[in-house]
Amino acid sequence: MIKLVLTGIWVCVITLVSVYFSVKMATAPVPDADAAKKAELAYVKGESVTVPVIVNGAVNGYFVSRISYMMDKKKAEDKTLPVTALTTDELFSLLVGNTAIDIGNMSAFDPKSFRDMIKTDMNKRLNGDFVADVLIEQLDYLSREDLNATASGEPRKLRKPVSLVTPVADTPAAAPAH
């Protein structure tokens with residue numbers, strides 16, 4: 001009789017434990033794929049780079065930029081990467097003599113394609129998928145006339161700034177129906 005009671009208690013305990021764990025596993029949060037991917041990335045801060053803009057054999061102005069990267073941690077740790085030197089060389093390749101950026105029509109500048117070009121070229125140079133994302137922290141253009149006027153100390157009227165990135169207008173949310 002005692003064996004029968006102990007067997008019943010044993011079955012009840014096993015049933016309760018299995019139900020508890022099945023409910024616990026069914027309600028467990030699903031790991032976020034984006035969060036896991038971001039956890040695998042490391043931020044590599046870029047340095048300021050000044051690139052001359054040469055038009056018809058003369059310096060027309062300068063781009064002052066700071067480009068940073070989100071890189072794969074594991075791959076970046078395995079190699080010693082000269083990121084600053086590669087970034088400087090890449091910016092010179094893209095900005096000097098390239099028609100991707102038209103100084104006369106800065107409103108046609110596409111930051112997404114600029115980032116994609118840098119990412120593709122950097123990954124090609126590093127022989128792998130090291131760069132996951134390119135962050136443009138600063139990209140300014142200083143014309144030679146502006147620099148000369150500032151250096152001579154003469155007052156100069158500022159021009160209207162050109163917006164390189166157009167902000168997306170917020171759309172009002174529809175009111176819930178009652």
Side-chain angles (χ1 to χ4, degrees), residues 29-151 156-171 173:
V30 177
D32 188 16
D34 290 338
K37 184 177 179 181
K38 286 180 183 178
E40 295 174 0
L41 298 178
Y43 173 74
V44 178
K45 185 170 177 59
E47 294 182 6
S48 290
V49 177
T50 304
V51 180
V53 177
I54 301 172
V55 177
N56 297 329
V59 176
N60 197 27
Y62 297 91
F63 275 107
V64 179
S65 66
R66 183 177 12 221
I67 308 291
S68 297
Y69 301 98
M70 295 300 290
M71 300 181 85
D72 188 336
K73 281 183 188 177
K74 293 175 186 172
K75 291 181 180 180
E77 288 174 357
D78 293 343
K79 265 188 166 179
T80 303
L81 301 174
V83 176
T84 305
L86 289 172
T87 301
T88 303
D89 186 55
E90 186 61 34
L91 288 174
F92 269 87
S93 299
L94 285 175
L95 297 175
V96 175
N98 191 344
T99 58
I101 297 178
D102 181 15
I103 304 297
N105 186 17
M106 286 305 287
S107 61
F109 177 71
D110 183 15
K112 182 177 179 349
S113 65
F114 185 67
R115 280 189 206 104
D116 290 341
M117 282 190 290
I118 293 173
K119 178 183 172 182
T120 303
D121 291 348
M122 288 291 284
N123 282 332
K124 191 183 303 179
R125 284 182 149 189
L126 295 171
N127 294 326
D129 289 332
F130 288 89
V131 177
D133 198 12
V134 175
L135 307 169
I136 301 174
E137 292 186 28
Q138 176 186 7
L139 185 61
D140 297 327
Y141 175 72
L142 304 171
S143 70
R144 192 175 75 194
E145 293 82 22
D146 291 339
L147 291 172
N148 289 339
T150 304
R156 187 166 173 111
K157 185 177 178 182
L158 296 177
R159 292 183 238 160
K160 183 179 176 186
V162 176
S163 176
L164 297 179
V165 180
T166 306
V168 177
D170 291 335
T171 57

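Just so you know, residue 1 is the first one in the sequence shown, and it goes up from there.
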Any donor-acceptor pair under 3.5 Å from Lys119 side chain to Ala132 backbone
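Yes, Lys119 side chain to Ala132 backbone: donor-acceptor pair under 3.5 Å.
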Are any non-hydrogen side-chain atoms of [X] and [Y] less than 4.5 angstrom apart?
X	Y	value
Asp72	Asp129	no
Tyr69	Ile118	yes
Ile67	Ile136	yes

Ignoring hydrogens, what is the shortest heavy-atom contact between [X] and [Y]? Give both atom names and the distance.
X	Y	result
Val64	Gln138	CG1-NE2, 3.6 Å
Phe114	Leu139	CE2-CD2, 4.1 Å
Ser68	Lys45	OG-CA, 3.6 Å

Are more than 12 heavy atoms, taken from residues, nucleotides or ligands other than Glu47, located less than 6.0 Å from that residue's CD atom?
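No, CD of Glu47 has 12 or fewer neighbouring heavy atoms, counting only those of other groups under 6.0 Å.
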Can you tell me how far the OG1 atom of Thr50 sits from the CZ atom of Arg66, to the nearest 0.5 Å?
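Taking OG1 in Thr50 and CZ in Arg66, the distance rounds to 10.5 Å.
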Please list, chain by chain and in numerical order, all residues satisfying salt bridge (Lys or Arg N to Asp or Glu O under 4.0 Å) with Asp116, sequence neighbours excluded.
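Testing Asp116 for salt bridge (Lys or Arg N to Asp or Glu O under 4.0 Å), a comparison that skips the adjacent residues, returns Lys112.
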